[in-house]
Structures are given as C-alpha cells and as structure tokens.
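Written out below as structure tokens is the structure these notes cover.
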Amino acid sequence: MKKIFTSIILVFCVTLISSAGDDKFIDSLRNCSKYHDSGTVDVQGISVETTKSISGWNDDKCTYREDIKMNGSNMAIACKFSRPQIKEIVSVSDAYFLTLKYSGEKTDTSSLEAVKNNPITNVFNKYLQDPSVCTIEGLQ
C-alpha cells in the first residue's frame with residue numbers, strides 16, 4: 001500500500017511540476033484566484049489525464065483540487081492551503097523555474113524516479129502527507 005501511495009504522490013507531483021511551469025497556474029495559486037485546466041501527461045508510458053482547479057478562499061484556506069485518471073482508475077486530491085503554505089509553494093516554484101530559465105536545463109518528468117528529488121515535489125510532498133492539508137479520494 002505504501003508503494004502505491006508513493007507512486008500516486010509522485011504522479012500527482014509530475015502533473016504539478018508541469019502546471020508550475022505555467023504562469024497562469026502560479027499566479028492563480030499566488031492569489032488563490034479561480035483556475036481550471038485539463039490536460040494529459042505521459043508518465044513512464046502511461047497516459048495520465050488531469051483536471052486541476054483552484055476555487056478560491058474558503059475559511060481562510062485556498063482550495064485546490066486535482067482529479068486524476070490513469071489505467072482505468074479515478075482519484076482526486078483535495079487540498080486546503082494556508083497563506084504561508086501557498087507562499088512557500090509559490091516561492092519554491094518561482095525559484096526552480098528561474099534557475100531552469102538561466103541554466104537552459106529542462107524539467108525531467110519522464111519517469112517517477114526523475115521526479116523524486118525535484119524541489120516542487122519536495123514542497124508538495126509534505127502537504128500531501130498531512131491529512132489536515134490534503135486528502136486523497138478514490139485510492140484503492
């Protein structure tokens with residue numbers, strides 16, 4: 001079960017890393033303004049369909065949801081981020097993509113192994129594992 005949970009977290013992080021490179025997503029997260037986007041990401045030859053949405057502030061928490069479809073399974077990750085948590089996520093994302101911009105490197109999301117040490121993965125990982133911040137639905 002732990003291996004499945006870790007794989008789901010890494011798949012989620014792959015989709016987040018892909019989104020974090022999108023200025024609209026980061027700006028929406030920074031301000032907790034409404035955002036909605038769908039797309040497909042290839043993870044180790046598996047097509048992963050995602051729908052991400054930020055619905056705004058609710059009880060001083062920014063509500064984020066991602067619906068994930070892969071290999072015939074559906075799951076959703078729902079998070080409620082505090083202002084300091086959003087600030088940390090956005091700061092890490094901004095710094096990471098600024099470094100990439102000037103180094104000329106590209107983000108490697110071709111495998112789960114490549115994603116494990118990404119700074120965006122690391123910042124989200126601690127919140128994904130905290131049930132007071134994020135919950136995972138549909139995990140079997």
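For D130, there are no salt bridge (Lys or Arg N to Asp or Glu O under 4.0 Å) partners at least two apart in sequence or on another chain.
Rounding to the nearest 0.5 angstrom, the gap separating the CG atom in D94 from the CD1 atom in I89 is 12.0 Å. Atoms SG and CD, from C79 and E66 in turn, are 9.0 Å apart once rounded to the nearest 0.5 Å. Taken to the nearest 0.5 Å, the NE2 atom of H36 stands 5.5 Å off from the OG1 atom of T51. The distance from atom CZ of F124 to atom OG of S93, rounded to the nearest 0.5 Å, is 6.0 Å.
Contact detail for N74 and K69: the closest heavy-atom pair is OD1-CG, 3.0 Å. For the residue pair F81 and W57, the shortest heavy atom distance occurs at O-CZ3, 4.2 Å. What you find for I54 and C62 is that their closest heavy atoms are CG2-SG, 3.8 Å.
Under the salt bridge (charged side-chain N to carboxylate O under 4.0 Å, His left out) criterion, the residue pairs touching residues 70-93 are D60-R83, E88-K126, with sequence neighbours excluded.
Salt-bridge check for D27 with K24: failed, with every basic side-chain N at 4.0 Å or more from each acidic carboxylate O. Between R65 and D67 there is a salt bridge, since a side-chain N of the basic residue sits under 4.0 Å from a carboxylate O of the acidic one.
In this structure, the side chain of T99 engages the main chain of A95 through a donor-acceptor pair within 3.5 Å.
Side-chain atoms of F97 and I26, non-hydrogen and from C-beta on, never get closer than 4.5 Å to each other.
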